[in-house]
**Student:** 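Got a structure for you, written out below as structure tokens; questions coming shortly.
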Amino acid sequence: MSEAHRTERAASVSVDPFSIEVLSDPYAYHPQIRDAGPVLWFPQYQVFGVARYAEVKEVLSDWETYCSSRGVGLADFSRDTPWRTPSLLLERDPPLHTSTRTVMNKVVALPRLKKLADHWRVVARDLIDGLVAQRSFDAVQDLAEQFPLRIFPDTLGLLQEGRENLLIYATSTFNAFGPRNDVFLESQIGIEPALAWIDEACRYENLAPGGWGRDVHDFVKEAGLPAEYGALLVRSFLSAGVDTTINGIGNLLHAFSLHPQEWQKLRNDRSLVKRAFEEGLRWQGTAQTFFRTTTRNVNLAGVNIPEGSKVIAFLGAANRDPRHWEEADTFNISRQTSGHVGFGFGIHQCLGQMIARQESEVVLEVLSQRVASITPAGEPQRRLNNTLFAMKSLPVTIEPA
Ligand code: OVM
């Protein structure tokens, strides 16, 4: 509170964080925005921003001041029409958020998740054995995209037909947190049928018995919440559970292809699998940015931010802030990564993080048993997205173990 009397100006930043250049290589631009000041101002969008670890954590910790119910993208739901019906988790505040989150926490509970691990391992072995036999493959298209799609829709009990809509929908959802730029508009092509499929797929009668999708509906009922919450909460799994895990695994494999010594480290000590996943998220996170909206005038790091302001939090920049991390830019799977904000922080911290961990750990366990080395075999290609740091292609050649 002693800081509340200091008033400095937010550092004005002229670079567009949603431009092709920045989205292609956000890490090249992070030092500039971190060093500009603790609180940033983007005149082009009329929004504040934070890119240092301390301020990102402060904004995410204080949900009463920095709310989610006015949208976690550039759009302010108090003025602008939301792109889709707002999420009952991501785009809500307590007390409603608390009741929906409580229901969903039951669905993703660890004992339930652990029961799936053996089956996921069989799928991973099958997939990876085929790729190892090929020697050369695309680590994004043939592995990172395939694995979550082979297990997660089945875990939920989704319709078999039309699953290609999952990626179209998720890509648009994450693009919609940013401005209506070309990246967003391109992802809108063919979105109408995808949205219609998503709505259908989330209905109780279209979800397979025994799957987590039906469990969501059942737990909603048990908790005494309105029945129509069920479908919308299933939708959160479809929004947040596919593109995120795909790119988490893709970015991690990219990191290993660039750091062969870290791959050897993992092969020599498989107890590093858990840390390797966290370090992958710290070093090259999937969700790069989320917004909050201020509910009151607030002084952050000496800068007055008026009520009703949008604040963009740069998670990826915070995760490499040298003010917090030693050798912040180094990918080191044996480092202590606790406190990274790759899953966000506070009450909205990733609900599916244990699912993401289990998926990635299964892939890394099997891959580190079967593969002695991963070598780039062509230029990796990025897939530009207003929120996600994503890859389209990562050609590699592997040496079998
Ligand atoms: C949701 C949702 C959508 C996108 C991301 C997310 C990172 C959640 O609809 O609940 O969490």
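Numbers here are sequence positions counted from 1. Just so you know, ligand 1 is whichever comes first in the structure, and atom 1 is the first atom listed for that ligand.
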**Student:** Go through the steps to decide whether F290 and F177 satisfy the test ring-ring contact (aromatic ring centres under 6.0 Å, His included), and finish with yes or no.
**Tutor:** CA-CA 8 Å; F290 274 114; F177 297 129; 5.4 Å; yes
**Student:** Among protein heavy atoms, which lies nearest atom 4 (C) of ligand 1, and at what distance?
**Tutor:** F174 CZ, 3.8 Å
**Student:** Of all the non-hydrogen atoms in the protein, which one sits nearest to atom 2 (C) of ligand 1, and at what distance?
**Tutor:** L90 CD2, 3.6 Å
**Student:** Are F18 and Y45 an aromatic pair by the rule of ring centers under 6.0 Å?
**Tutor:** yes
**Student:** In ligand 1, which numbered atoms sit nearer than 4.0 Å to a non-hydrogen atom of S236?
**Tutor:** 1 (C), 9 (O), 10 (O)
**Student:** Check the angle between the aromatic planes of H259 and F331 and answer parallel, tilted or perpendicular using the 30° and 60° thresholds.
**Tutor:** tilted
**Student:** For atom CD of E205, decide whether the heavy atoms of other residues, nucleotides or ligands shown that lie under 6.0 angstrom number more than 12.
**Tutor:** yes
**Student:** Using 30° and 60° as the class limits, which term best fits the ring planes of F389 and Y27: parallel, tilted or perpendicular?
**Tutor:** perpendicular
**Student:** Report the member of F177, F290, F237 with the shortest heavy-atom distance to atom 7 (C) of ligand 1.
**Tutor:** F290
**Student:** Should R84 be listed as contacting ligand 1, given a heavy-atom distance under 4.0 Å as the test?
**Tutor:** yes
**Student:** Using distance alone, determine whether R235 and ligand 1 share an N or O pair under 3.5 Å.
**Tutor:** no
**Student:** Would you call the rings of H217 and Y204 parallel, tilted or perpendicular, taking 30° and 60° as the class edges?
**Tutor:** perpendicular
**Student:** Hey, mind stepping through S19 and D16 against side-chain hydrogen bond (donor to acceptor under 3.5 Å, both in side chains) and telling me if it holds?
**Tutor:** CA-CA 5 Å; S19 62; D16 175 1; 5.0 Å; no
**Student:** For atom 3 (C) of ligand 1, what is the nearest protein heavy atom, given as residue, atom name and distance?
**Tutor:** S239 CB, 3.3 Å
**Student:** Is S87 close to ligand 1, meaning an N/O of one under 3.5 Å from an N/O of the other?
**Tutor:** yes
**Student:** Could you check atom 8 (C) of ligand 1 against the protein and tell me its nearest heavy-atom contact, residue, atom and distance included?
**Tutor:** A240 CB, 3.5 Å
